[in-house]
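Notes follow once the structure below has been shown.
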Amino acid sequence: MKTVVIGVIGADVHAVGNKIIDYVLKDHGFNVVNIGVLSSQEDFINAAIETDADAIMVSSLYGHGEMDCRYFREKCEEAGIGNIKLYVGGNIVVGKQEFKEVEKRFKKMGFDRAYPPGTKIDDAVTDLKEDLGL
């Protein structure tokens, strides 16, 4: 069974989407480690190390995800989990921006996949299964 760490990064307290992601991932057979809201990069990384996770899914709805996610991949590398799959989604930037450009920036920051607001969690689950060879 593959393990996925999920949570809401930064000063964000949007819990409903987090609960939905938790439910859907469990329904698809994943072991879910939900660190909840108001989570730091270190919270995600420590949970991933402690549980030998295969992926980290970062949610953000308050618009500051880009700032909150800076150097995330580098911190994973420093912690010895540089190859972990990293996903980010939600309202991850301030204002209306062309998502293709937003996605490019997050991929440049080391995220494997980035999702715009309104993405169906089933789409992310399909990608996750593909990326983890399931």
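Note: hydrogens, waters and symmetry copies are ignored here, and every other heavy atom, side chains too, is used. Here the structure is a predicted model, which means the values were calculated and not measured.
Rounded to the nearest 0.5 Å, atoms CD1 (Ile56) and CD1 (Ile9) are 9.5 Å apart. Interatomic distance, OG1 of Thr119 versus CG of Asp122, reported as 11.5 Å (0.5 Å rounding).
No donor-acceptor distance shorter than 3.5 angstrom exists from the side chain of Glu103 to the backbone of Arg113, with no hydrogens or angles considered. Between the side chain of Asp12 and the backbone N or O of Leu61, at least one donor-acceptor pair lies under 3.5 Å. In this structure, the side chain of Asn31 does not engage the main chain of Lys2 through any donor-acceptor pair within 3.5 Å. Side-chain atoms of Asp22 never come within 3.5 Å of backbone atoms of Lys19 as a donor-acceptor pair (strictly under, hydrogens ignored).
Considering all non-hydrogen atoms of both residues, Ala47 and Ile35 come closest at CB-CG2, 3.7 Å. Residues Phe106 and Cys69 approach most closely at CE2-CB, 4.0 Å, considering heavy atoms. When all heavy atoms of Phe44 and Ser39 are compared, the closest pair comes out as CE1-CB, 3.8 Å. Across Ile45 and Ala79, no two heavy atoms sit closer than the pair CG2-CB, 3.6 Å. Residues Ile84 and Ala53 approach most closely at CD1-O, 3.6 Å, considering heavy atoms. Nearest approach of Gly36 to Asn18, heavy atoms of both residues: CA-ND2, 3.8 Å.
Contacts classified as side chain to side chain donor-acceptor pair (under 3.5 Å) and involving residues 45-61 (residues at least two apart or in different chains) are not found.
Under the 4.5 angstrom side-chain criterion for Ile, Leu, Val, Met, Phe, Trp and Tyr, the cluster partners of Val32 are Val4, Ile6, Val16, Ile20, Ile21, Tyr23, Val24, Leu25, Phe30, Met57, Tyr87, Tyr115, Ile121, Val125, Leu128, Leu132, Leu134.
In this structure, Lys129 has no salt bridge (charged side-chain N to carboxylate O under 4.0 Å, His left out) partners at least two apart in sequence or on a different chain. In this structure, the side chain to side chain contact (heavy atoms under 4.5 Å, CB included) partners of Lys120, at least two apart in sequence or on a different chain, are Asp123. His64 is linked by a ring pair (Phe, Tyr, Trp, His ring centres under 6.0 Å) to Tyr62, counting only residues two or more places apart in sequence or in another chain. The side chain to side chain contact (heavy atoms under 4.5 Å, CB included) test applied to Tyr71 returns Glu74, not counting sequence neighbours.
Remark: Glu101 engages Lys104 in a salt bridge, criterion side-chain N to carboxylate O under 4.0 Å. The residues Asp131 and Lys85 are annotated as not salt-bridged, no charged nitrogen and carboxylate oxygen being separated by less than 4.0 angstrom.
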task = Dump the intermediate steps for side chain to side chain contact (heavy atoms under 4.5 Å, CB included) on Gln97 and Arg105, then the final yes or no.
result = CA-CA 12 Å; Gln97 299 182 35; Arg105 291 199 306 271; 2.6 Å; yes
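Connection of Val37 to Val5 is not established within any shared hydrophobic cluster, with ILVMFWY side chains joined at heavy-atom distances below 4.5 Å, either directly or through further cluster members. Under a hydrophobic clustering in which Ile, Leu, Val, Met, Phe, Trp and Tyr are joined whenever their side-chain heavy atoms come within less than 4.5 Å, directly or via other members, Phe72 and Val102 fall into the same cluster.
Counted by atom type alone, Arg73 and Gln41 present zero donor-acceptor pairs between their side chains at under 3.5 Å.
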